[in-house]
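Here's the structure we're looking at; comments come further down.
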Amino acid sequence: MVKWLKIFPFLVPFILASCNAEQQRVIEMKTEVVDGLQFGVPEGRKVETGADHILLLPEQALREVDEIAIWTTAPQPVAGGVDTEGADPAPHTLTTVEGGMGGPEYTLTIPKHIADRQAYVRAYIQSEGGTPAFDEAWQVWESLAAEK
């Protein structure tokens, strides 16, 4: 028992650090304005625009799927997936499609009402390590606003 009392103070920082590991990581972002929408672009991503969406793609090509899109019209449903509805921190849908060698593909869709229109943040991530946290997508969604 005495040995535990001696080492316990050294274990406390490790225990606290593991408890904080699940908090959303802070991501450096720059602000962009496209089609009347203002949003943050996570560091390491580039912006490409389409007719009805804005892509935030990794600057470096990856083997896995890893993109964030801001849709200015309702995106098409993901085919062949299993949908899970969520409400925390906002209403959203997570669609899981069994993938190939890179693991399952996860698609997070989060609607957001901005001024007089509806926008959608949709993130696609392929992961062998289980359901991703989608930290970057949630922070893009939080930053999404009408142009100031």
Side-chain angles (χ1 to χ4, degrees), residues 9-148:
F10 297 106
L11 292 175
V12 171
F14 294 107
I15 294 169
L16 292 175
S18 67
C19 292
N20 290 333
E22 292 187 26
Q23 292 180 352
Q24 190 178 51
R25 64 186 173 103
V26 176
I27 299 166
E28 295 293 322
M29 297 200 311
K30 63 182 178 190
T31 302
E32 292 279 336
V33 176
V34 176
D35 190 25
L37 296 173
Q38 179 175 304
F39 54 92
V41 178
E43 185 175 37
R45 290 191 180 264
K46 61 184 177 181
V47 177
E48 292 184 9
T49 58
D52 54 359
H53 64 278
I54 305 159
L55 290 175
L56 309 178
L57 300 170
E59 290 175 349
Q60 303 295 320
L62 301 174
R63 190 186 83 185
E64 305 87 18
V65 175
D66 181 9
E67 70 180 42
I68 299 170
I70 300 170
W71 289 82
T72 54
T73 62
Q76 294 292 319
V78 178
V82 176
D83 289 344
T84 306
E85 300 294 325
D88 188 27
H92 62 276
T93 303
L94 178 65
T95 306
T96 306
V97 177
E98 290 304 318
M101 293 178 56
E105 294 178 11
Y106 299 91
T107 304
L108 175 69
T109 305
I110 320 163
K112 187 166 190 177
H113 187 78
I114 302 168
D116 60 347
R117 65 182 177 176
Q118 188 81 4
Y120 302 83
V121 172
R122 182 175 264 187
Y124 309 89
I125 297 178
Q126 185 175 22
S127 172
E128 293 177 318
T131 306
F134 289 101
D135 291 339
E136 289 184 348
W138 281 109
Q139 289 185 19
V140 168
W141 176 82
E142 288 173 4
S143 72
L144 189 58
E147 182 178 8
K148 295 180 181 175

Taking all heavy atoms of [X] and all of [Y], pick out the closest pair and write down the distance.
X      : Y      : answer
Gln139 : Met29  : O-CE, 3.6 Å
Pro104 : Thr96  : CB-CG2, 4.3 Å
Leu56  : Gly40  : CD1-O, 4.2 Å
Pro75  : Thr109 : CG-CG2, 4.4 Å
Leu144 : Ala119 : CD2-CB, 4.0 Å
Glu59  : Lys46  : CG-N, 3.9 Å

How about Glu43: does its CD atom have over 12 heavy atoms from other parts shown lying under 6.0 Å from it?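 Counting neighbours around CD of Glu43, 12 or fewer heavy atoms of other residues, nucleotides or ligands fall under 6.0 Å, so no.
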Give a yes or no answer on whether the side chain of [X] reaches the backbone of [Y] with a donor-acceptor pair at less than 3.5 Å.
X      : Y      : answer
His113 : Ala115 : yes
Gln126 : Gly103 : yes
Thr72  : Asp52  : yes
Trp141 : Pro111 : yes
Lys30  : Pro42  : no

Hey, does [Y] have a side-chain heavy atom less than 4.5 Å from the side chain of [X]?
X      : Y      : result
Asp83  : Leu94  : no
Glu136 : Ile68  : yes
Thr95  : Tyr106 : no
Leu37  : Ile114 : yes
Trp138 : Leu108 : yes
Ile110 : Tyr120 : no
Thr49  : Leu55  : no
Arg45  : Asp66  : yes

To the nearest 0.5 Å, how far apart are CD in Glu147 and CG in Asp35? 9.5 Å
Out of curiosity, Gln38 CD to Ser143 OG, how far, rounded to the nearest 0.5 Å? 8.0 Å
Tell me, with the steps shown, if Val140 and Ile70 meet side-chain contact (heavy atoms from CB on, under 4.5 Å). CA-CA 9 Å; Val140 168; Ile70 300 170; 3.9 Å; yes
Salt bridge or not for Glu67 and Arg122, using N-O below 4.0 Å?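 A salt bridge is absent here (no side-chain N lies under 4.0 Å from a carboxylate O).
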